[in-house]
Participant: 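Handing you this structure, nothing more for now.
Note that the structure is a prediction, hence the values are computed from the model and not measured.
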Amino acid sequence: MQYHLDGFQTGDPSVSKATSNTASDQVDVLIVGCGPAGLTLAAQLAEFPEITTRITERKSGPLEVGQADGIACRSIEMFEAFGFAEKVLKESYWVNEVGFWRPNPDGTGLHRADRIQDVEDDLSEMPHVILSQARIHDFYLENMRNAPTRLVPDYNRELISVTQTDDPDYPVTAVYNCLEVEGKTQTIRARYIVGCDGARSVVRKSLGYPLKGDAARQLWGVMDVLAVTDFPDIRLKAAIQSASHGSILIIPREGGYMVRMYIELDALHGDERAADRKVISDMLIAKARDILAPYTLDVKEVAWWSAYEVGQRVCDAFDDVPDDQRSVRDPHVFIAGDACHTHSPKAGQGMNVSMADTFNLGWKLAAVLRGQAEPSLLHSYSEERCAKAKELIAFDRDMARLFSAKPKNAEEAAQFQSYFKKHGRYTAGVETRYDSSAITGDDQHQSLATGLKVGMRFHSAPVIRLGDGKPKQLGHVLKADGRWRMMAFAGAGDVGQSGGDIAGLCAYLADDAASPVVRYTRAGTNIDSIIDVRAVFQAAHRDMMLDALPYLLLPRKGRYGLVDYEKAFCPDMKTGPDLFDLRGVDRAKGALVIVRPDQFIAKVQPLDDFEGIAQFFDGVLI
């Protein structure tokens, strides 16, 4: 964490200096809904004092209990960009292993068929964890309160309508019921509105978009319980398929004692809905006991429970522009999270994919509103996230079907276990790969860094920071601050000396009129305010000389011209494989990896392809 750049300040460095940003009924971005998608977007935009943002919520206050709890590895990587990953890791249950239980060969009782590692080695530096969605909300809300804009949600706001006008400045109008005062309404006009208002989204309905897909007609119950049991894997994630009573998924909760159970109930028939069954918690407990038999379950307290129908649905588009008008119109209305795709809870995708939606959208809105990119950039949100949602819906449908299957023999019973192992990358959230576009290049030079794939998230690796010898994860420099990154991996023998590729690259970026750093960095701002350049060398950090680095890697910043010593890194030889080997970086040639503000790799190219650098950024920035 860096601070004191513009002068010494006392107090908590995570609390930014407040800007004068009073609430207004005319805003740049109006966010509807304080779920994971809405808060992820709000936390990003709150960091930019020049952007006016409001976020509204129908409920009377923050979420307190229940709902989602599974947090994928990729989401923890994202939380690191917001600065609260450590808090999540401290409080959460870590899913280290998974147990699979099936009936004995004679069809009676249960036995453990396998116990496996949950996340494959080197899939991510972050674990798969379990923590209440309410706590994730708390961390986002704290970030928002500490941001320069001191953003706080407007609670008790029920959205009534969304309309679009031909107003060139604020083309979207939202009308709310103010639930704390009977009969009172409020109108907010916005440049952009983002509907994060759930499966019954008013914003989506204003667009006339249906959620398409079919429910599986399977009823499930879920409950968080404090219980006494002799089932031996109660503190492991465990998938249990009984012979005749259905299935349970056990998810241990944070705190060491509570456990969540997803319990298969009976299939729904005809037009029957979940509410028609009049499920109560005692029914869930009885069903859980039947499935777990001969093991016992004595439930002492039910902290929360619900019943739901499994369904996977998705919209055809996530913004307001029809496909045949994309060349003549830019979007102003967006939907995200459950407003445009719904999943079964057991695959653990809902909250994670929702946050990924708005992490994708947030930097794009910020770039447009701060004058760094054309509004046409916003088309890429629906193009990228809608395609990924449809892929994940297919995965989720297969996972839910296999979990509810009634296996006839051991081979069929093993299918779910096999599927789980094979598709661990999906559940970890690291399988997303965006197609080639203006903001994601092709894979022409992928051979220069085979483990840092174009279109996928930047896969971190351990390094030593040259300036102070601190061990770090390289990916943790990728903060949620709207900046692009260039990660320059040096070729053999290059320690930043004059005449080397790193020195040549830095000289071009810092001094050449065609360089995107020169072209797009605003006068009076720090040289890394738009594009942050970092370098990783092959030499051991004790064999390097910091003062021999090019000045772009020792930039002077802030009102005092202080030197930033945190731009250069070397492999961490103590903790395992060298980063260059771990990520398949060409040792002879090195590589330049361009990383988007949402941590996805936009381009891999040679260090000396200056024309390629300029062409890429000229197609993105203004």
Side-chain angles (χ1 to χ4, degrees), residues 69-73 92-121 123 127-130 218 220-265 284-300 344-348 398-428:
D69 61 357
I71 304 170
C73 306
S92 59
Y93 169 84
W94 291 31
V95 185
N96 297 308
E97 295 186 333
V98 184
F100 295 89
W101 288 73
R102 297 200 292 269
N104 293 316
D106 63 1
T108 64
L110 293 169
H111 76 284
R112 186 199 290 138
D114 204 355
R115 177 171 170 169
I116 66 171
Q117 182 175 317
D118 180 68
V119 178
E120 68 182 73
D121 292 339
L123 196 63
H128 171 201
V129 305
I130 306 296
Q218 179 64 52
W220 284 78
V222 56
M223 60 181 181
D224 287 331
V225 298
L226 297 169
V228 176
T229 179
D230 57 356
F231 179 67
D233 283 0
I234 195 66
R235 293 308 296 171
L236 284 183
K237 179 179 177 180
I240 305 158
Q241 293 178 311
S242 69
S244 57
H245 293 289
S247 302
I248 278 184
L249 179 64
I250 289 178
I251 305 288
R253 293 297 304 266
E254 64 275 16
Y257 298 100
M258 191 162 67
V259 65
R260 173 165 289 190
M261 295 183 173
Y262 289 101
I263 304 158
E264 183 181 9
L265 302 176
L284 301 184
I285 294 169
K287 186 70 171 180
R289 286 173 177 158
D290 289 342
I291 297 171
L292 285 172
Y295 297 104
T296 61
L297 178 69
D298 181 11
V299 175
K300 303 296 186 180
S344 72
K346 293 176 297 305
D398 287 343
M399 179 73 84
R401 177 182 54 79
L402 286 170
F403 197 87
S404 297
K406 304 293 187 291
K408 298 182 180 67
N409 51 54
E411 288 73 23
E412 288 187 12
Q415 285 185 5
F416 174 73
Q417 182 179 333
S418 175
Y419 192 85
F420 179 91
K421 290 180 179 179
K422 181 179 178 181
H423 292 83
R425 298 182 66 87
Y426 273 103
T427 52

Participant: Could you tell me whether the side chain of Leu265 reaches within less than 4.5 Å of the side chain of Leu284, counting heavy atoms only?
Facilitator: yes

Participant: For the pair Lys287 (side chain) and Ile248 (backbone), establish whether a donor and an acceptor sit closer than 3.5 Å, ignoring hydrogens and angles.
Facilitator: no

Participant: Within the 4.5 Å heavy-atom criterion, are Ile71 and Ser92 side-chain neighbours or not?
Facilitator: no

Participant: Any idea how Tyr295 and Trp101 line up, ring-wise: parallel (<30°), tilted (30 to 60°), or perpendicular (>60°)?
Facilitator: perpendicular

Participant: Below 4.5 Å, heavy atoms only, C-beta onward: do Tyr93 and Asp69 meet side chain to side chain?
Facilitator: no

Participant: Please tell me if the side chains of Met258 and Leu226 come closer than 4.5 Å, counting only heavy atoms from C-beta onward.
Facilitator: yes

Participant: How many angstroms lie between atom CZ of Arg235 and atom CZ of Arg253, to the nearest 0.5 angstrom?
Facilitator: 10.0 Å

Participant: Measure the spacing between OG1 of Thr229 and CZ of Arg289 and express it to the nearest 0.5 Å.
Facilitator: 10.0 Å

Participant: Can you list the residues that meet the side chain to side chain donor-acceptor pair (under 3.5 Å) rule with Asp290, with sequence neighbours excluded?
Facilitator: none

Participant: State, to 0.1 Å, how close Ala243 and Gly107 come at their nearest heavy-atom pair, and which atoms those are.
Facilitator: CB-O, 3.4 Å

Participant: If I take atom CG from residue Asp233 and atom CZ from residue Phe100, how far apart are they, to the nearest 0.5 angstrom?
Facilitator: 11.0 Å

Participant: With a 4.5 Å cut-off on side-chain heavy atoms, are Glu120 and Arg425 touching?
Facilitator: yes

Participant: Do Tyr262 and Ile251 come close enough that some side-chain heavy atom pair is under 4.5 Å?
Facilitator: yes

Participant: Kindly give the heavy-atom pair with the smallest separation between Ile130 and Gly70, and that separation in Å.
Facilitator: CD1-CA, 3.8 Å

Participant: Which residue in the set Asp224, Leu297, Ile285 passes side-chain contact (heavy atoms from CB on, under 4.5 Å) when paired with Met261?
Facilitator: Leu297

Participant: Atom CD of Gln241 and atom CG of Leu110: how far apart are they, to the nearest 0.5 Å?
Facilitator: 10.5 Å

Participant: Can you give me the closest heavy-atom contact between His128 and Cys73, atom names plus distance?
Facilitator: N-SG, 3.7 Å

Participant: Taking all heavy atoms of Pro252 and all of Lys237, pick out the closest pair and write down the distance.
Facilitator: CD-N, 3.7 Å

Participant: Between the side chain of Asn104 and the main-chain N/O of Asp106, is any donor-acceptor distance below 3.5 Å?
Facilitator: no

Participant: Identify the two heavy atoms, one from Ser242 and one from Pro103, that lie closest to each other, and give their separation to 0.1 Å.
Facilitator: C-CG, 3.7 Å

Participant: Measure the CD1-CG distance between Ile240 and Leu292 for me, rounded to the nearest 0.5 Å.
Facilitator: 5.0 Å

Participant: To check you understand the geometry: which heavy-atom pair defines the closest contact between Pro294 and Gly109, and what is its length?
Facilitator: CD-CA, 3.7 Å

Participant: Rounded to the nearest 0.5 Å, what's the gap from CD1 on Ile250 to CZ on Arg260? Could you check?
Facilitator: 13.5 Å

